[in-house]
Participant: 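Got a structure here, written out as structure tokens. Questions coming.
Quantities reported herein were computed from a predicted structural model and do not represent experimental measurements. Each residue takes its place number in the sequence, starting with 1.
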Amino acid sequence: MSDAPRTRAPAPNAPGSEPQWPQKPRVLARQTVARSRLFHVESLDLRFSNGEERTFERLTGSDQGAVMIVAMPDPEHVLLIREYAAGFEDYVLTLPKGLVDPGEDIVTAANRELMEECGFGARSIEPLVELSLAPNYMRHRMQVLLAKDLYPKRLPGDEPEPLIVETHPIDELTALLARDDFHEARAIAALYIARDRLRAEASQDSLW
């Protein structure tokens, strides 16, 4: 039997009681492991409240943040883009998205990205939710916004080739999930959240 100390699992919270969260670990040291044009890999030496020490590596995100847009050209449909994804070495179907530029708020950034990638602006844009991606390894947050009342407006973007814009029924998400080219988790979550918001609004309107 190993003589290494064992970490006791925390006792479960009693039903109805306030959750007891552990104290955040102390950062003993941090250093850059690698840096490229797009990525910054950072190493963190941590000491947890029970005395255990571990080293974690993470990708740091943009300080300005990023946006993803659920754009509705009409009440039943959503705009999707087809773009090349280098991670998969293939074309994928997803929602328009991009980084927030310095000096922009998320609504301005979302409208700019929508104009650059889809050729539309929006008169109505509202925040829906904030999403993360692999939080154990990435410090990255994505703000999802719902855009309605669209109008044609094109801005030049930084894409290497023109993006293909497709229109899909937002109530037929199961059909989208069955496709091989639609699998980005953030886009899937954003569409379900937007669909539920729209259904709730329609239900509320029907009561008046």
Participant: Where do Y84 and D90 come nearest, in terms of heavy atoms and distance?
Facilitator: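 Here Y84 and D90 meet closest at CE1-N, 3.5 Å.
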
Participant: Counting only N and O atoms by type, is there a donor-acceptor contact under 3.5 Å from the side chain of D45 to the main-chain atoms of L28?
Facilitator: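 Checking the backbone N and O of L28 against the side chain of D45, no donor-acceptor pair under 3.5 Å is found.
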
Participant: Got a donor-acceptor contact below 3.5 angstrom from the D74 side chain to the H77 backbone?
Facilitator: yes

Participant: Does Y192, at its OH atom, have more than 12 non-hydrogen atoms belonging to other residues, nucleotides or ligands within less than 6.0 Å?
Facilitator: yes

Participant: Quick check for you: to the nearest 0.5 Å, what is the distance between L79 atom CG and E166 atom CD?
Facilitator: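 The distance works out to 10.5 Å.
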
Participant: Enter the distance from D196:CG to S203:OG here, rounded to the nearest 0.5 Å.
Facilitator: 12.0 Å

Participant: According to a 4.5 Å side-chain heavy-atom criterion applied to Ile, Leu, Val, Met, Phe, Trp and Tyr, with indirect links allowed, do L133 and I193 form part of one hydrophobic cluster?
Facilitator: no

Participant: Using the salt bridge (Lys or Arg N to Asp or Glu O under 4.0 Å) rule, take E126 and R197 through it: C-alpha gap first, then chi angles, then the decisive distance, then the call.
Facilitator: CA-CA 11 Å; E126 60 175 310; R197 168 71 69 86; 2.9 Å; yes

Participant: One pair to check against side chain to side chain contact (heavy atoms under 4.5 Å, CB included): E184 and L95. What are the steps and the verdict?
Facilitator: CA-CA 9 Å; E184 184 177 357; L95 290 170; over 6 Å; no

Participant: With distance as the sole test, does S36 use its side chain to make a donor-acceptor pair with the main-chain N or O of F39 at under 3.5 Å?
Facilitator: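 Such a contact is found between S36 side chain and F39 backbone.
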
Participant: Do the side chains of R186 and H140 get nearer than 4.5 Å, heavy atoms only?
Facilitator: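 Contact flag for H140/R186 side chains = yes.
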
Participant: For atom CZ of R179, is the number of surrounding heavy atoms from other residues, nucleotides or ligands below 6.0 Å larger than 12?
Facilitator: yes

Participant: Are Q23 and F48 close enough that some pair of their side-chain heavy atoms sits under 4.5 Å apart?
Facilitator: no

Participant: Determine, for E52 against R54, whether the closest basic-nitrogen to carboxylate-oxygen distance falls under 4.0 angstrom.
Facilitator: yes

Participant: For L145 and V70, run side chain to side chain contact (heavy atoms under 4.5 Å, CB included): C-alpha distance rounded to whole Å, both residues' side-chain angles, the deciding distance at 0.1 Å, then the answer.
Facilitator: CA-CA 6 Å; L145 298 98; V70 180; over 6 Å; no

Participant: Are any of the side-chain heavy atoms of L146 and M72 separated by less than 4.5 Å?
Facilitator: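 Touching, per the 4.5 Å side-chain cut-off.
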
Participant: Is the shortest side-chain heavy-atom distance between L177 and F182 below 4.5 Å?
Facilitator: yes

Participant: So if you build clusters from Ile, Leu, Val, Met, Phe, Trp, Tyr with side-chain heavy-atom gaps below 4.5 Å, do V107 and V100 land together?
Facilitator: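 Per the 4.5 Å side-chain linkage, V107 and V100 are co-clustered.
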
Participant: Answer yes or no: does atom OH of Y137 have more than 12 heavy-atom neighbours from other residues, nucleotides or ligands under 6.0 Å?
Facilitator: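 For Y137, atom OH is not crowded (no more than 12 foreign heavy atoms under 6.0 Å).
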
Participant: Give me the atom names and distance for the closest heavy-atom approach of Q143 to I106.
Facilitator: CG-CG2, 4.0 Å

Participant: Find the distance between CG (D181) and CG (L176) and round it off to the nearest 0.5 Å.
Facilitator: 8.5 Å

Participant: With hydrophobic residues grouped by side-chain heavy-atom distances under 4.5 Å, do L155 and F120 end up in a single group?
Facilitator: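 As far as the 4.5 Å side-chain criterion goes, F120 and L155 are not connected within one cluster.
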
Participant: Using side-chain contact (heavy atoms from CB on, under 4.5 Å) as the criterion, point out the one residue from R35, R139, M138 that pairs with T60.
Facilitator: R139

Participant: How long is the gap from CG on D171 to CG on L191, to the nearest 0.5 Å?
Facilitator: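 Reported value, rounded in 0.5 Å steps: 11.0 Å.
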
Participant: Could you walk me through whether T32 and V41 satisfy the side chain to side chain contact (heavy atoms under 4.5 Å, CB included) test, starting with their C-alpha distance in whole Å, then the side-chain angles of each, then the deciding distance to 0.1 Å, before giving a yes or no?
Facilitator: CA-CA 6 Å; T32 295; V41 182; over 6 Å; no

Participant: Applying the 4.5 Å side-chain criterion to the ILVMFWY set and letting contacts propagate, would L198 and I188 be lumped into a single cluster?
Facilitator: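 Yes: a chain of side-chain contacts under 4.5 Å links L198 to I188.
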
Participant: Rounded to the nearest 0.5 Å, what's the gap from CD1 on I170 to CZ on R199? Could you check?
Facilitator: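 Reported to 0.5 Å precision, the distance equals 9.0 Å.
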
Participant: To the nearest 0.5 Å, what is the distance between CG on L150 and SG on C118?
Facilitator: 8.5 Å

Participant: I'd like to check N111 versus I125 (side-chain heavy atoms, cut-off strictly below 4.5 Å). Are they in contact?
Facilitator: yes

Participant: Determine which pairs satisfy side chain to side chain donor-acceptor pair (under 3.5 Å) with at least one residue from residues 151-165, sequence neighbours left out, and list them in order.
Facilitator: Y91-E161

Participant: Could you walk me through whether I69 and E113 pass side chain to side chain contact (heavy atoms under 4.5 Å, CB included), step by step?
Facilitator: CA-CA 8 Å; I69 308 99; E113 288 291 343; 3.9 Å; yes

Participant: Should V33 and L44 be regarded as members of a common hydrophobic cluster, given that ILVMFWY residues are connected when their side-chain heavy atoms come within less than 4.5 Å of each other, either directly or indirectly?
Facilitator: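 Cluster IDs for V33 and L44 differ.
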
Participant: Considering only heavy atoms from C-beta outward, does the side chain of T94 approach that of L80 to under 4.5 Å?
Facilitator: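 Heavy-atom side-chain distance check fails, nothing below 4.5 Å.
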
Participant: Within the structure provided, determine whether L131 and V144 are in side-chain contact (heavy-atom separation under 4.5 Å).
Facilitator: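 Heavy-atom side-chain distance check passes, below 4.5 Å.
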
Participant: Under 4.0 Å between a side-chain nitrogen and a carboxylate oxygen: does that hold for E201 and K148?
Facilitator: yes

Participant: Give a yes or no answer on whether the side chain of E117 reaches the backbone of L114 with a donor-acceptor pair at less than 3.5 Å.
Facilitator: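 No.
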
Participant: Is there side-chain contact between M142 and K97, with at least one heavy-atom pair below 4.5 Å?
Facilitator: yes

